[in-house]
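Okay, here's the structure, questions in a sec.
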Protein chains: 2
Amino acid sequence: MTTTERRPLTRERIIEAAVAFADEHGIDALSMRKLGQVLGVEAMSLYNHVAGKDDILDGMVQHLFAGIGPIDTAGDWKVTARAAATAAKNAFAAHEWAVPLISTRETTSEASFGIMDVMIGMLLADGYDPETAHHAWHVIASHVLGYAFQEANSVFGRRDDQAREEAEQLLREYGRIFPNLAAVATYLMECSHDEEFQYGLDIILSGIEARKPA
Amino acid sequence: MTTTERRPLTRERIIEAAVAFADEHGIDALSMRKLGQVLGVEAMSLYNHVAGKDDILDGMVQHLFAGIGPIDTAGDWKVTARAAATAAKNAFAAHEWAVPLISTRETTSEASFGIMDVMIGMLLADGYDPETAHHAWHVIASHVLGYAFQEANSVFGRRDDQAREEAEQLLREYGRIFPNLAAVATYLMECSHDEEFQYGLDIILSGIEARKPA
DNA sequence: ACCTGAACACCGTTCAAGT
DNA sequence: ACCTGAACACCGTTCAAGT
């Protein structure tokens with residue numbers, strides 16, 4: 001439990017440890033005292049490098065957005081949109097705590113504005129009017145957030161052993177009352193999250209393409 | 001602060017009060033002690049009617065799903081899907097705490113399975129294969145969750161005075177670095193959430209229609 | 001049967017004291 | 001400059017005691 005790391009404390013190291021702790025024990029279990037323990041230090045020492053717990057949580061959100069990485073704008077807007085959306089979905093779905101955390105904090109960091117600026121810029125350059133470009137942004141953003149939500153936070157999305165067992169239990173329980181649920185049960189249990197995400201993205205990007213003003 | 005209501009405590013009344021409290025003060029501020037105070041009772045009395053705080057939070061999620069209401073299946077699958085998706089989005093977007101709360105608790109209640117069963121049943125009856133029906137469910141669900149997220153939890157989504165001011169501040173700050181953001185600023189500030197949601201839903205439902213197997 | 005007060009094991013955070 | 005111990009105002013929850 002007590003790591004014996006003796007590198008000096010920094011904001012980055014604290015946030016890194018917080019991410020690891022939340023991955024393992026869940027974000028609700030994250031406390032200043034436990035985080036200090038992991039870093040081999042008293043809780044109060046953290047305040048020398050960080051403004052408080054809120055600052056740590058902000059840092060974790062920043063960490064999530066940094067995980068999206070730079071966006072390659074070499075192709076056309078559809079290629080860029082697909083790459084950016086997929087990278088964002090993967091960055092969020094990689095941590096169970098990502099969606100709940102983002103949803104209680106402000107998502108409007110420089111990183112998120114940067115992605116938005118690139119995406120809308122490519123649409124405008126391709127001949128879209130600002131209003132349609134704005135619509136397109138919202139639809140894509142909904143898909144990314146909504147799918148990350150489903151992948152990381154529903155029993156059918158998570159693919160650990162415990163989630164599988166719970167999912168099977170639920171399907172047994174509700175399968176008799178809800179026959180149509182039973183009819184798609186195998187897909188719920190076994191669908192590829194990447195294929196599933198791309199399927200919806202295909203629909204959305206084609207729809208946006210079809211709505212390009214003449 | 002202390003309401004003088006003297007009706008007997010019940011689970012429903014406690015959950016109702018919790019919803020109202022979270023609406024006003026945010027879900028993080030919700031505690032057993034403060035909830036007791038609102039109900040004119042000591043915190044410990046709540047345990048006579050409720051298993052604990054988790055039980056209250058579960059009740060709040062149940063309350064959200066109940067708010068979606070019964071689904072009218074009189075029209076074709078697209079009409080039903082639009083009605084159900086819109087009702088769900090509105091129920092979730094009505095409370096800032098809805099998305100964060102659902103995202104940390106299990107969403108697989110009888111209510112959510114019921115909606116899913118109806119939707120998939122209509123698609124199957126219309127001639128869709130189970131795999132495509134399952135895809136359709138995921139895409140629609142992402143849009144609902146993702147848009148509720150954006151409407152209730154982003155500065156641009158919320159339409160109270162404080163959010164407007166923060167949004168304008170952010171646009172001033174980042175508008176110079178990100179010109180394409182500035183180009184769509186007025187739409188971000190003033191778009192109709194219902195029209196925006198329907199725009200994306202149009203794309204998604206049309207796309208699903210186009211993928212109906214021959 | 002329902003409510004309460006005191007208590008326990010936890011929180012985040014402040015602050016004076018140490019080195 | 002950085003770390004610490006004690007303290008404060010909060011948590012959720014248990015339990016024996018009241019009515």
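Labels below follow one simple rule: chain letters A, B, ... track the order of the sequence lines, proteins then strands, and each chain is numbered from 1. Any value given below was found using the heavy atoms of this structure, including those in side chains, with hydrogens, waters and symmetry copies removed.
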Donor-acceptor list for residues 58-74 of chain B side chains, cut-off 3.5 Å, not counting sequence neighbours:
{"unit_1": "B:Asp58", "atom_1": "OD1", "unit_2": "B:Arg105", "atom_2": "NE", "d": "2.9"}
{"unit_1": "B:Asp58", "atom_1": "OD1", "unit_2": "B:Arg105", "atom_2": "NH2", "d": "3.1"}
{"unit_1": "B:Asp72", "atom_1": "OD1", "unit_2": "B:Ala74", "atom_2": "N", "d": "2.9"}

### Query
Under a cut-off of 3.5 Å for both distances of each Watson-Crick or G-U pair, what dot-bracket string does DNA chain C give, using [ ] for crossing pairs and | for inter-strand pairs?
||.|||||...|||||.||
### Task
Decide whether B:Glu166 and B:Gln162 meet the rule of one side-chain donor and one side-chain acceptor closer than 3.5 Å.
yes
### Summary
For A:Lys53, the side chain to side chain donor-acceptor pair (under 3.5 Å) test, sequence neighbours excluded, returns none
### Task
Only pairs at least two apart or in different chains count here, so list each salt bridge (charged side-chain N to carboxylate O under 4.0 Å, His left out) that has a residue in residues 140-157 of chain A.
A:Lys89-A:Glu151
### Task
Taking side chain to side chain donor-acceptor pair (under 3.5 Å) as the test, write out the residues that go with B:Glu195, two or more places apart.
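Partners of B:Glu195 by the side chain to side chain donor-acceptor pair (under 3.5 Å) criterion come out as none, since no residue qualifies.
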### Task
Give me the residues of residues 27-36 of chain A where at least one heavy atom lies under 4.0 Å from an atom of DNA chain C, by number, or none.
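Within this stretch, A:Leu30, A:Ser31, A:Met32, A:Arg33, A:Lys34 sit under 4.0 Å of the strand.
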Enumerate donor-acceptor pairs with a distance under 3.5 Å from any side-chain N or O in residues 93-101 of chain B to protein atoms, sequence neighbours excluded.
{"unit_1": "B:His95", "atom_1": "ND1", "unit_2": "B:Asp23", "atom_2": "OD1", "d": "2.7"}
{"unit_1": "B:His95", "atom_1": "ND1", "unit_2": "B:Asp23", "atom_2": "OD2", "d": "3.4"}
{"unit_1": "B:Trp97", "atom_1": "NE1", "unit_2": "B:Asp23", "atom_2": "OD1", "d": "2.8"}

#### Entry: DNA chain C: 5'-most and 3'-most nucleotides touching chain A, 4.0 angstrom heavy-atom criterion
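Listed 5' to 3', the contact boundaries are C:dC11 to C:dT14.
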### Query
Looking at DNA chain C, which of residues 44-55 of chain B put a heavy atom within less than 4.0 Å of it?
B:Met44, B:Ser45, B:Asn48, B:His49
### Task
Please list, chain by chain and in numerical order, all residues satisfying side chain to side chain donor-acceptor pair (under 3.5 Å) with A:His135, sequence neighbours excluded.
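Only B:Glu196 meet the side chain to side chain donor-acceptor pair (under 3.5 Å) criterion with A:His135.
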### Query
Which pairs, with at least one residue in residues 39-50 of chain B and sequence neighbours excluded, count as a side-chain hydrogen bond (donor to acceptor under 3.5 Å, both in side chains)?
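Listed by first then second residue: nothing to list.
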### Qualifying residues under side chain to side chain donor-acceptor pair (under 3.5 Å), relative to A:Asp55, sequence neighbours excluded
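With sequence neighbours excluded, A:Asp55 shows a side chain to side chain donor-acceptor pair (under 3.5 Å) to A:Arg11, given in chain and number order.
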### Query
Between atom OH of B:Tyr174 and atom CZ of A:Phe113, what is the distance when rounded to the nearest 0.5 Å?
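Between atom OH of B:Tyr174 and atom CZ of A:Phe113 there are 6.5 Å.
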### Message
Once you measure the plane-to-plane angle for A:His138 and A:His134, does it fall in the parallel (<30°), tilted (30-60°) or perpendicular (>60°) bin?
### Response
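A:His138 vs A:His134 ring planes: perpendicular.
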### Query
What residue among A:Glu16, A:Lys34, A:Gln37 forms side chain to side chain contact (heavy atoms under 4.5 Å, CB included) with A:Phe21?
A:Lys34
